[in-house]
Amino acid sequence: MAIIETEATLHEAHRDNHTHRDVNGGWLRPAVFGAMDGLVSNLALMTGVAGGSVGQQTIVITGLAGLAAGAFSMAAGEYTSVASQRELVEAELDVERRELRKHPKDELEELAALYESRGVDADLAREVASQLSRDPEQALEIHAREELGIDPGDLPSPLVAAVSSFGAFALGALVPVLPYLLGASTMWPAVVLALIGLFACGALVAKVTARSWWFSGMRQLALGGAAAGVTYALGALFGTAVG
């Protein structure tokens, strides 16, 4: 192994080799998991109905109804969840903003103590806290990051979350319906296409995890296949009982 001799070379090596995955998932996580949810739920719904020995038209209508209901439900749930989370964060920011206005010295001491607890010398910690607290908005951002673990300038959008969830779920839920819309007359093409989609979604999940793509793909394939198999068996059981 070559020995790095200069700080410049060390910096260059660190920059080139030290990279991280996107641990928050960015757009990939909600998109992939939304599509996966649509795939699994609609595939299971359709196989459950198919297990009851119903006609092709009933299966297609069930799949389309499941797509619409699931997509709207996901969008509404995601919007409410993200909006509530954002409102809670904004309320906490208001509390912190009032504290900074009413008790600036106490907040400065709190920030200095935080830096000191992390190993910064007491005098330096106080000086850093004092300089950072000169700008009220910067002080609010720092306290929010350190105390609440949030970035006030990067709060999630309820509308974006809702639209993303709707689109991803609808796309995933469309996969098992698509073969029927293209002329298939049996359930098998829908099942095969859906299982391929599940493997692809699982493989994409590996982009935001430390697992290999084939492990994630096979895991999701097994889980989705099991869900479809169980609901088919239940559909056949209920169909026999009702019939």
Side-chain angles (χ1 to χ4, degrees), residues 20-49 59-99 137 140-178 180-181 190 193-194 197-209 211 216-217 219-221 223-224 227-228 231:
H20 292 285
R21 296 171 185 266
D22 179 7
V23 295
N24 292 321
W27 61 270
L28 181 62
R29 184 182 183 280
V32 171
F33 281 95
M36 194 180 300
D37 193 10
L39 254 171
V40 173
S41 62
N42 218 30
L43 175 63
L45 178 63
M46 292 174 64
T47 53
V49 172
I59 298 175
V60 174
I61 292 174
T62 299
L64 292 174
L67 184 158
F72 280 111
S73 176
M74 284 286 290
E78 196 69 18
Y79 184 92
T80 302
S81 174
V82 174
S84 299
Q85 179 186 7
R86 187 183 179 108
E87 289 163 4
L88 174 61
V89 169
E90 289 174 344
E92 291 300 314
L93 288 174
D94 286 339
V95 171
E96 193 63 37
R97 190 177 286 110
R98 287 196 300 270
E99 289 298 312
E137 287 304 313
L140 175 63
E141 180 178 338
I142 293 170
H143 279 273
R145 288 178 182 274
E146 298 292 350
E147 297 178 27
L148 304 176
I150 59 173
D151 182 355
D154 191 28
L155 298 181
S157 167
L159 183 59
V160 170
V163 172
S164 299
S165 295
F166 183 94
F169 186 97
L171 184 62
L174 179 63
V175 171
V177 185
L178 193 58
Y180 282 105
L181 299 179
L193 184 61
L198 285 170
F199 182 86
C201 284
L204 281 175
V205 169
K207 293 289 185 180
V208 291
T209 68
R211 292 289 189 180
S216 296
R219 178 174 60 186
Q220 194 56 42
L221 177 64
L223 292 173
T231 53

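For clarity, every value in this text was computed on a predicted model and none was experimentally measured.
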Considering all heavy atoms, the nearest Leu39-Gly197 contact: CD1-C, 3.5 Å
Please lay out, stage by stage, how Val177 and Leu64 fare under the test side-chain contact (heavy atoms from CB on, under 4.5 Å). CA-CA 7 Å; Val177 185; Leu64 292 174; 3.8 Å; yes
Residues Phe166 and Ala71: closest non-hydrogen pair is CD1-O, 3.5 Å
With the side chain counted from C-beta on, respond yes when Thr231 and Leu45 share a heavy-atom pair under 4.5 Å apart, and no when they do not. no
Pairwise distance CG(Leu181) to CG(Leu174) - rounded to 0.5 angstrom: 6.5 Å
Which atoms form the tightest heavy-atom contact between Met46 and Ile59, and what is the distance? CE-CG2, 3.8 Å
Minimum heavy-atom separation for Leu198 and Gly224, please, with both atom names. CD1-CA, 3.6 Å
Should Asn42 and Val175 count as side-chain neighbours, where that means a heavy-atom distance under 4.5 Å? no
Side-chain donor/acceptor of Thr47 to backbone N/O of Ala228, under 3.5 Å: yes
Does any part of the side chain of Phe169, heavy atoms only, come nearer than 4.5 Å to the side chain of Ser73, both counted from C-beta? no
Residue pairs involving residues 149-176 (criterion salt bridge (Lys or Arg N to Asp or Glu O under 4.0 Å); sequence neighbours excluded): Arg145-Asp151
Run the salt bridge (charged side-chain N to carboxylate O under 4.0 Å, His left out) test against Glu96 and tell me which residues pass, sequence neighbours left out. none
For the atom pair CG (Leu67) and OG (Ser41), what is the distance rounded to the nearest 0.5 Å? 9.0 Å
Between Cys201 and Ala35 the two heavy atoms that sit nearest each other are SG-CB, 4.3 Å
Shortest non-hydrogen contact from Pro158 to Arg86? CD-CD, 4.3 Å
Going from NE2 on His143 to CG on Leu93, what distance comes out if it is rounded to the nearest 0.5 angstrom? 12.5 Å
If we only count heavy atoms from C-beta on, is the Leu204 to Met36 side-chain gap below 4.5 Å? no
Determine yes or no for a side-chain-to-main-chain donor-acceptor pair under 3.5 angstrom, with Ser164 supplying the side chain and Val160 the backbone. yes
Thr62: which residues meet the side-chain hydrogen bond (donor to acceptor under 3.5 Å, both in side chains) condition with it, sequence neighbours left out? none
The reported gap from CD in Glu99 to CG in Leu140 (rounded to nearest 0.5 angstrom) is 12.0 Å
Mind checking the CG-CD1 spacing from Leu155 to Ile150? Nearest 0.5 Å is all I need. 6.0 Å
Kindly compute the distance separating OH (Tyr79) from OG (Ser84), expressed to the nearest 0.5 Å. 10.0 Å
